[in-house]
Amino acid sequence: MKKVVKFGGSSLASAEQFKKVGNIIRKEESRRYVIPSAPGKRTPDDTKVTDMLYSCYGQAILGEDAEKDFEEQLEAIKERYNSIISGLNLELSLDEEFKTIRTNFSKKIGRDYAASRGEYLNGIIMAAYLGYEFIDAAEVIVFDENGNFDGDKTHEILSARLENTERAVIPGFYGAKPDGSIQTFSRGGSDITGSIVAKAVHADMYENWTDVSGFLIADPRIIKNPKPIDVITYRELRELSYMGATVLHEDAIFPVRKEGIPINIRNTNAPEDKGTLIVEDTCRKPRFTITGIAGKKDFASITIEKAMMNSEVGFCRKVLEVFENNHISIEHMPSGIDTMTIFVHRDEFEEKEQDVIAGIHRAVEPDFLELESDLALIAVVGRGMRATRGTSGRIFAALAHANVNVKMIDQGSSELNIIIGVRSHDFDAAINAVYDIFVNTIV
């Protein structure tokens with residue numbers, strides 16, 4: 001059995017955390033490929049190493065005027081790593097690595113290079129601690145000259161490199177362009193690296209270790225002690241991630257999904273917890289009708305009314321072209337016989353609202369047009385809803401009981417999710433009401 005294990009920054013913030021990670025890896029022989037992040041915060045008011053590196057590089061590009069601050073910040077970063085090395089009793093020196101970093105920072109080599117050094121240095125320490133082979137991600141994770149990830153080339157190179165490598169540490173978050181310059185994924189990109197490695201080695205499982213025991217049915221900042229999600233499908237996860245659930249980088253799903261490799265979200269601080277298993281599909285019956293609830297605030301809606309619009313060929317296309325021409329993405333579009341409403345992100349729309357209004361008038365000559373802001377969208381997601389009658393009715397009843405006015409409801413044909421639009425000030429009350437009717441009334 002082969003497992004790829006990725007550990008987040010909070011799991012590797014100190015020597016004590018490193019020891020926990022080491023115990024987890026050594027507990028199972030199958031944990032053969034390790035993807036470390038850069039050290040995270042040791043305490044709530046601490047600073048992540050990645051942020052320290054960004055700040056240090058910012059001083060470096062200012063030149064002689066900020067040389068003292070640059071040297072002090074670089075020394076502080078070095079001390080963070082040395083404290084980990086010392087705490088692990090390793091015979092390891094990163095002096096030469098820091099000399100190279102100092103030189104490259106002085107050459108203003110780039111912010112991506114600066115940020116990637118957190119994972120790179122942590123990878124060296126992790127490999128030394130475990131006795132695994134260290135493989136620089138710059139040698140095996142490929143981006144094209146425009147900075148776009150090249151999945152096919154990466155798979156070819158990485159598969160060949162790991163074919164005869166029993167155990168390895170590959171730093172997360174970064175790779176390299178054809179000219180050798182470092183390119184990073186977006187924040188949280190170590191999740192993606194782990195997924196890419198899992199695909200390359202045909203892993204049986206991709207374990208993603210963080211500081212929470214998997215996904216929760218709802219945001220714990222809104223619901224007190226929400227129930228955990230035991231098993232979730234990739235499709236359900238995509239729906240929840242899109243609406244704000246952020247335990248896992250959403251792009252990490254694609255490489256493993258193609259191979260049918262499950263992802264297990266685990267907690268470094270509670271390794272006995274089973275966490276959440278993310279799978280392509282499952283016959284397991286969910287504990288509740290819904291799998292999860294997630295949402296976002298700060299939406300705006302544009303309602304367009306015109307008599308007999310349903311018989312006007314091309315009406316919707318003309319309206320949507322106005323948004324396309326103004327580079328505004330559309331979230332949802334519920335409609336009736338004579339009306340259609342378009343939901344958009346408020347911050348995207350506000351700057352161009354008058355251009356959009358004028359464009360709609362020119363395109364379709366509406367009888368009436370109305371704007372609303374301070375709206376929120378809530379996604380109620382669950383594979384169990386397909387086989388359960390009256391789900392929408394229960395949602396409406398719960399929201400009515402909580403005195404929440406529903407501005408919009410939209411259900412996809414897959415019956416996997418229901419999107420509810422409410423006023424932003426009703427956001428927390430709506431989530432509480434839905435959670436209560438589907439979870440608390442069952443428990």
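Please read these numbers as outputs of a predicted model, since none were measured by experiment.
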Visitor: Give a yes or no on whether the backbone of Gly194 and the side-chain of Lys6 come within a donor-acceptor separation of less than 3.5 Å.
Guide: no

Visitor: Within 45° of the six-membered ring axis of Tyr132 and under 6.0 Å from that ring's centre, is NZ or CZ of Arg26 located there?
Guide: no

Visitor: Is the shortest distance from a Lys or Arg side-chain nitrogen in Arg346 or Asp374 to a carboxylate oxygen in the other one below 4.0 Å?
Guide: yes

Visitor: Should Arg167 and Glu29 count as side-chain neighbours, where that means a heavy-atom distance under 4.5 Å?
Guide: yes

Visitor: So, applying side chain to side chain contact (heavy atoms under 4.5 Å, CB included) with Leu237, which one of Ile263, Val381, Leu248 is it?
Guide: Leu248

Visitor: Check Lys177 with Asp179, please: is the shortest side-chain N to carboxylate O separation under 4.0 Å?
Guide: no

Visitor: Please report the shortest heavy-atom distance between Val21 and Ser11, naming the atom on each side.
Guide: CG2-O, 3.4 Å

Visitor: So, Arg31 side chain and Val5 main chain: donor-acceptor pair closer than 3.5 Å or not?
Guide: no

Visitor: Considering only NZ, NE, NH1 and NH2 on the basic side and carboxylate oxygens on the acidic side, decide whether Arg80 and Asp46 come within less than 4.0 Å.
Guide: yes

Visitor: Determine whether Phe396 and Ile409 make a side-chain contact, defined as any pair of heavy atoms from C-beta on separated by less than 4.5 Å.
Guide: yes

Visitor: Could you tell me whether Met408 atom CE has more than 12 heavy atoms of other residues or ligands within 6.0 Å of it?
Guide: yes

Visitor: For the backbone of Tyr174 and the side chain of Thr184, can you confirm whether one donor and one acceptor N or O come within less than 3.5 Å of each other?
Guide: no

Visitor: Using 4.0 Å as the upper bound for N to carboxylate O, is an ion pair formed by Glu156 and Lys153?
Guide: no

Visitor: Quick check: does any side chain N or O of Asn325 sit under 3.5 Å from a backbone N or O of Glu321, one acting as donor and the other as acceptor?
Guide: yes

Visitor: Output, in order, the C-alpha distance, side-chain angles, deciding distance and verdict of salt bridge (Lys or Arg N to Asp or Glu O under 4.0 Å) for Lys78 and Glu75.
Guide: CA-CA 5 Å; Lys78 185 177 180 180; Glu75 191 61 31; 5.0 Å; no

Visitor: Which atom pair, heavy atoms only, marks the closest approach of Gly421 to Leu377?
Guide: CA-CD2, 3.8 Å

Visitor: Lys2 side chain to Val201 main-chain N or O, any donor-acceptor pair under 3.5 Å?
Guide: yes

Visitor: I'd like to know if the side chain of Glu28 pairs up with that of Ser30 as donor and acceptor (distance under 3.5 Å, no hydrogens or angles considered).
Guide: yes

Visitor: Under the salt bridge (Lys or Arg N to Asp or Glu O under 4.0 Å) definition, can you give me all pairs with a residue in residues 104-132, not counting sequence neighbours?
Guide: none

Visitor: Under 30°, 30 to 60°, or over 60°: which ring-plane class applies to Tyr120 and Phe134, parallel, tilted or perpendicular?
Guide: perpendicular

Visitor: So with a 6.0 Å cut-off around NE2 of His425, is the heavy-atom count from everything else above 12?
Guide: yes

Visitor: Just checking, is any N or O donor in the side chain of Asn208 or Asp191 under 3.5 Å from an acceptor N or O on the other one?
Guide: yes

Visitor: Examine distances only and state if a side-chain atom of Asp144 and a backbone atom of Asn148 form a donor-acceptor pair shorter than 3.5 Å.
Guide: yes

Visitor: If I compare all heavy atoms of Pro39 with all of Ile84, which pair ends up nearest, and what's the gap?
Guide: CG-CD1, 4.1 Å

Visitor: With a 4.5 Å limit on heavy-atom distance, are the side chains of Arg383 and Thr282 in contact?
Guide: yes

Visitor: May I ask you to decide if Ser329's main-chain N or O and Glu348's side chain share a donor-acceptor pair within less than 3.5 Å?
Guide: yes

Visitor: How about CD on Glu272, more than 12 heavy atoms from neighbouring residues, nucleotides or ligands closer than 6.0 Å, or not?
Guide: yes

Visitor: Using modelled atom types and a 3.5 Å cut-off, is there a donor and acceptor pairing between side-chain atoms of Asn267 and backbone atoms of Asn269?
Guide: yes

Visitor: Whether the side chain of Thr154 engages the backbone of Val142 through a donor-acceptor N/O pair (distance < 3.5 Å, no angle test) should be reported.
Guide: yes

Visitor: Are any side-chain N or O atoms of Ser195 and backbone N or O atoms of Ala252, one a donor and one an acceptor, separated by less than 3.5 Å?
Guide: yes

Visitor: Which pairs count as ring pair (Phe, Tyr, Trp, His ring centres under 6.0 Å) when at least one residue sits in residues 74-107, sequence neighbours excluded?
Guide: Tyr57-Phe105

